[in-house]
Amino acid sequence: MQEEIARSAIDTFISAFNASDDRYVTSLLSQALTSDVVFWGPLGRSEGIAAVERFVLDIRRHPAGTGTMVRCSAVDMPGEWARYQWVFTTPDGGPRLAGTDVVHLRRSLIDQVIVFAGEIEPSAS
């Protein structure tokens with residue numbers, strides 16, 4: 001049951017990246033995130049839906065064109081934390097970025113997002 005709730009919040013969060021119009025981004029994020037969400041992204045820590053919205057809109061305005069964000073793994077949820085993998089692809093075979101997000105849920109909404117973009121290199125042993 002808890003995993004289904006997490007999957008729904010995560011998929012709604014991801015759908016904000018793929019909204020048909022920028023005007024829908026805030027509404028989708030508000031359905032998935034708490035108002036005080038803490039977002040650890042590639043550019044550091046930020047707080048609030050407005051900060052996440054700026055990040056999403058920046059991704060939507062990628063120089064290579066509007067891309068597509070998809071969850072490409074199951075949602076793994078031990079307790080109140082969940083993780084999933086994602087892929088962002090721009091049109092016409094443009095740049096592709098993959099990563100893993102770790103999210104914390106509070107009352108069925110995401111209140112923390114930690115973005116790990118890119119692949120982890122094998123350790124040199």
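From a predicted model like this one, the values you see are computed outputs, not experimental measurements. Numbers here are sequence positions counted from 1.
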Asker: Name all residues meeting the side chain to side chain contact (heavy atoms under 4.5 Å, CB included) criterion together with Ala32; count only those two or more places apart in sequence or in a different chain, and write none if there are none.
Answerer: Thr12, Phe13
Asker: Tell me yes or no: between the side chains of Asp76 and Tyr84, is some donor less than 3.5 Å from an acceptor?
Answerer: no
Asker: Would you please name every residue forming a side chain to side chain contact (heavy atoms under 4.5 Å, CB included) with Val87, sequence neighbours left out?
Answerer: Val70, Cys72, Thr89, Arg96, Ala98
Asker: Please check: side-chain N/O of Arg60 versus main-chain N/O of Phe17, any donor-acceptor pairing under 3.5 Å?
Answerer: yes
Asker: Please, which pairs that meet side chain to side chain donor-acceptor pair (under 3.5 Å) have at least one residue in residues 63-73, sequence neighbours excluded?
Answerer: Asp11-Arg71
Asker: Would you mind listing every ring-ring contact (aromatic ring centres under 6.0 Å, His included) that reaches into residues 41-66, with sequence neighbours excluded?
Answerer: Phe39-Phe55, His62-Phe88
Asker: Clusters formed by hydrophobic residues whose side-chain heavy atoms approach within less than 4.5 Å: which one holds Ile114, and what are its other members?
Answerer: Val38, Trp40, Trp81, Val102, Phe116
Asker: If the condition is salt bridge (charged side-chain N to carboxylate O under 4.0 Å, His left out), which residues does Arg61 pass it with, not counting sequence neighbours?
Answerer: Asp22
Asker: Hey, any chance Ile10 and Ile49 share a hydrophobic cluster, counting ILVMFWY side chains that come within less than 4.5 Å of each other, even indirectly?
Answerer: yes
Asker: With sequence neighbours excluded, tell me which residues meet side-chain hydrogen bond (donor to acceptor under 3.5 Å, both in side chains) with Thr26.
Answerer: Glu53
Asker: By side chain to side chain contact (heavy atoms under 4.5 Å, CB included), which residues pair with Arg106, not counting sequence neighbours?
Answerer: Thr34, Asp36, Asp111
Asker: Please name all residues satisfying salt bridge (charged side-chain N to carboxylate O under 4.0 Å, His left out) with Glu47, sequence neighbours left out, ordered by chain then number.
Answerer: Arg45
Asker: Between Met77 and Leu105, does the side-chain contact (heavy atoms from CB on, under 4.5 Å) criterion hold? Intermediate values first, please.
Answerer: CA-CA 10 Å; Met77 186 170 186; Leu105 281 96; 4.1 Å; yes
Asker: Should Leu109 and Val25 be regarded as members of a common hydrophobic cluster, given that ILVMFWY residues are connected when their side-chain heavy atoms come within less than 4.5 Å of each other, either directly or indirectly?
Answerer: no
Asker: Only counting residues at least two apart or in another chain, list the ones meeting side chain to side chain contact (heavy atoms under 4.5 Å, CB included) with Ser27.
Answerer: Gln31
Asker: Partners of Asp92 by salt bridge (charged side-chain N to carboxylate O under 4.0 Å, His left out), sequence neighbours excluded?
Answerer: none
Asker: With sequence neighbours excluded, tell me which residues meet salt bridge (charged side-chain N to carboxylate O under 4.0 Å, His left out) with Asp58.
Answerer: none
